[in-house]
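Please read the structure below before turning to the comments.
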Amino acid sequence: MLPLSLGLLSVAVFLFSFFNRNRLKASREVESVDLPNCHLIKGIEAGSEDIDILPSGLAFFSVGLKCPGLHSFAPDKPGGILMMDLKEENPRALELRISRGFNLASFNPHGISTFIDSDDTVYLFVVNHPEFKNTVEIFKFEEEENSLLHLKTIKHELLPSVNDIIAVGPAHFYATNDHYFSDPFLKYLETYLNLHWTNVVYYSPNEVKVVAEGFDSANGINISPDKKYIYVADILAHEIHVLEKQPNMNLTQLKVLELDTLVDNISIDPSSGDILVGCHPNGQKLFVYDPNNPPSSEVLRIQNILSEKPTVTTVYANNGSILQGSSVASLYDRKLLIGTLYHRALYCEL
């Protein structure tokens with residue numbers, strides 16, 4: 001059955017790309033917006049889909065994601081979590097060791113989020129797709145050993161296709177489902193039919209519930225510095241939703257910001273509260289990979305998103321000659337990290 005399934009999946013990807021050119025921005029090209037003092041990060045060759053940075057300047061990278069129907073430069077290599085200390089003069093990316101008992105061979109990390117408890121314990125939440133299933137892994141970060149202690153694996157029927165996550169407690173989080181179904185072929189059929197069945201789920205040890213729904217394809221998620229608002233990127237609708245967090249953890253939509261690009265992961269500038277978004281200017285190139293015409297990259301900064309007219313500026317753009325398929329951009333003390341779905345990662349000093 002495997003060759004048939006892969007064949008059906010390939011057909012589904014082709015049909016989706018062919019009939020959804022507008023949703024994919026298939027005709028869009030970008031003009032380069034270069035940044036000074038940038039270099040590709042050594043050791044990241046097959047994707048750095050998400051990045052999260054602690055207030056101390058330690059940056060975590062989710063690397064090596066593999067998704068059915070998407071290109072991979074290292075299809076047989078497990079994923080991992082890398083760390084970079086941005087306070088160092090010449091920071092290097094180091095892979096974190098993970099405690100025994102955790103299945104490293106099937107590790108397929110996607111969205112990540114950190115949470116610092118009242119006792120300064122750092123927890124790392126990782127969306128994981130072992131054998132293309134859906135789990136959320138909770139680790140304790142042990143800085144002295146440069147390692148992660150695995151604490152818990154979370155599976156739930158309301159988490160069928162998890163994409164990204166924002167931790168709001170030591171075992172509490174909001175997560176986006178980018179599809180209603182978990183089966184790869186049904187996922188593409190759902191997207192092709194534009195069903196708008198994707199959602200945001202709140203998880204705690206005592207309660208799991210859908211708190212926002214009706215998205216085309218809910219993707220990146222993050223929280224405002226004052227913890228009052230949740231931001232959700234709807235990648236195929238080219239939108240960022242601003243949702244107000246209620247005392248019962250439900251979310252109420254305040255506004256929607258429309259953009260001209262496929263918005264992926266969302267980060268927050270800790271110094272200003274501005275939103276940084278890793279974007280895909282042309283999703284057609286992302287889904288149907290051609291090394292001679294690779295996917296481009298784009299990073300947007302959004303200022304004053306709660307105002308009537310937020311300011312949107314392009315921080316970085318590249319036609320794929322340097323960086324292919326940007327999925328996230330995170331800033332710390334004038335140091336910008338840009339990750340990608342399945343390519344390299346860029347380090348810039350602003």
Side-chain angles (χ1 to χ4, degrees), residues 9-33 47-50 65-73 110-111 161 163-164 176-180 184-185 187-198 215-221 232-241 256-266 276-300 302 312 314-329 338-344:
L9 187 58
S10 298
V11 171
V13 172
F14 173 79
L15 289 174
F16 166 64
S17 301
F18 184 80
F19 289 107
N20 287 271
R21 292 180 58 81
N22 184 52
R23 291 164 76 200
L24 292 174
K25 297 287 180 182
S27 300
R28 187 167 178 242
E29 301 291 341
V30 293
E31 293 185 10
S32 290
V33 176
S48 47
E49 201 277 339
D50 203 5
L65 174 66
K66 285 164 280 294
C67 296
L70 281 183
H71 182 72
S72 174
F73 285 103
H110 198 165
S161 185
N163 185 298
D164 197 15
T176 55
N177 284 303
D178 56 17
H179 290 83
Y180 178 82
F185 180 72
K187 282 185 177 184
Y188 278 101
L189 184 63
E190 167 196 348
T191 308
Y192 170 69
L193 295 174
N194 198 8
L195 295 180
H196 284 252
W197 286 359
T198 74
F215 301 95
D216 187 341
S217 184
N219 198 288
I221 187 169
V232 177
D234 191 334
I235 187 168
L236 291 176
H238 324 129
E239 297 171 343
I240 292 179
H241 293 246
V256 178
L257 177 64
E258 297 182 358
L259 298 164
D260 190 36
T261 187
L262 280 71
V263 286
D264 203 322
N265 287 314
I266 297 172
L276 290 168
V277 193
C279 304
H280 307 289
N282 186 321
Q284 173 92 356
K285 295 181 181 181
L286 188 74
F287 288 107
V288 184
Y289 185 77
D290 178 357
N292 298 312
N293 189 21
S296 45
S297 292
E298 184 176 38
V299 174
L300 300 181
I302 302 165
V312 181
T314 302
V315 175
Y316 175 83
N318 180 260
N319 62 5
S321 59
I322 297 173
L323 201 66
Q324 302 176 13
S326 56
S327 56
V328 63
I338 306 175
T340 63
L341 187 59
Y342 45 67
H343 189 232
R344 307 291 302 277

_Between Glu49 and Asn265, a side-chain donor and acceptor under 3.5 Å_ = yes

_Whether over 12 other heavy atoms sit under 6.0 Å from Tyr180 OH_ = no

*Rounded to the nearest 0.5 Å, how far does NZ of Lys187 lie from CG of Asp178?*
5.5 Å

*Just wondering, do Pro281 and Lys25 contact through their side chains at under 4.5 Å, heavy atoms?*
no

*Looking only at heavy atoms, what is the nearest atom pair of Thr340 and Ser327, with distance?*
C-OG, 3.2 Å

*Could you walk me through whether Leu24 and Leu236 pass the side chain to side chain contact (heavy atoms under 4.5 Å, CB included) test, one step at a time?*
CA-CA 7 Å; Leu24 292 174; Leu236 291 176; 4.0 Å; yes

*Roughly how far, to the nearest 0.5 Å, is the CG atom of Leu323 from the CD atom of Glu298?*
12.5 Å

*What are the two closest heavy atoms between Gly220 and Ile266, and how far apart are they?*
O-CD1, 3.9 Å

*Quick check: does any side chain N or O of Asp234 sit under 3.5 Å from a backbone N or O of Asp216, one acting as donor and the other as acceptor?*
yes

*Can you name the nearest heavy-atom pair linking Asp50 to Val328, along with the distance?*
OD1-CG2, 3.5 Å

_Non-hydrogen atoms of His343 and Gln324 that approach each other most closely_ = ND1-N, 3.0 Å

_Reported CG-to-CD distance for the pair Asn293 and Glu29, which is rounded to 0.5 angstrom_ = 6.5 Å

*Going from NE2 on His196 to OG1 on Thr191, what distance comes out if it is rounded to the nearest 0.5 angstrom?*
10.0 Å

*Where the side chain of Ser72 meets the backbone of Lys66, is there a donor-acceptor pair that is under 3.5 Å apart?*
no

*Examine distances only and state if a side-chain atom of Ser326 and a backbone atom of Cys279 form a donor-acceptor pair shorter than 3.5 Å.*
yes

_Shortest non-hydrogen contact between Ser296 and Val30, atoms and distance_ = CB-CG2, 3.8 Å

*Can you tell me if Asn282 uses its side chain to pair, donor with acceptor, with the backbone of Arg28 under 3.5 Å?*
yes

*Would you confirm whether Ser297, through its side chain, and Asn318, through its main-chain N or O, come within 3.5 Å as a donor-acceptor pair?*
no

*Taking Asn177 for its side chain and Thr198 for its backbone only, find out whether a donor-acceptor pair lies under 3.5 Å.*
no

*From the options Cys67, Ser48, Pro295, select the one residue that forms a side-chain contact (heavy atoms from CB on, under 4.5 Å) with Tyr342.*
Pro295

_Using every non-hydrogen atom in the two residues, find where Leu65 and His110 come nearest and quote the distance to one decimal._
CD2-CD2, 3.7 Å

*Is there a donor-acceptor pair closer than 3.5 Å between any side-chain N or O of Thr176 and the backbone N or O of Asp164?*
yes

*From Ser217 OG over to Asn194 CG, what is the distance, rounded to the nearest 0.5 angstrom?*
10.0 Å

*Separation of Leu259 CG from Leu300 CG (nearest 0.5 Å)*: 6.0 Å

*Hey, what's the ring geometry for Phe215 with His241, parallel, tilted or perpendicular (30° and 60° as the breaks)?*
perpendicular

*Less than 4.5 Å apart, any side-chain heavy atom of Leu262 and any of His238?*
yes

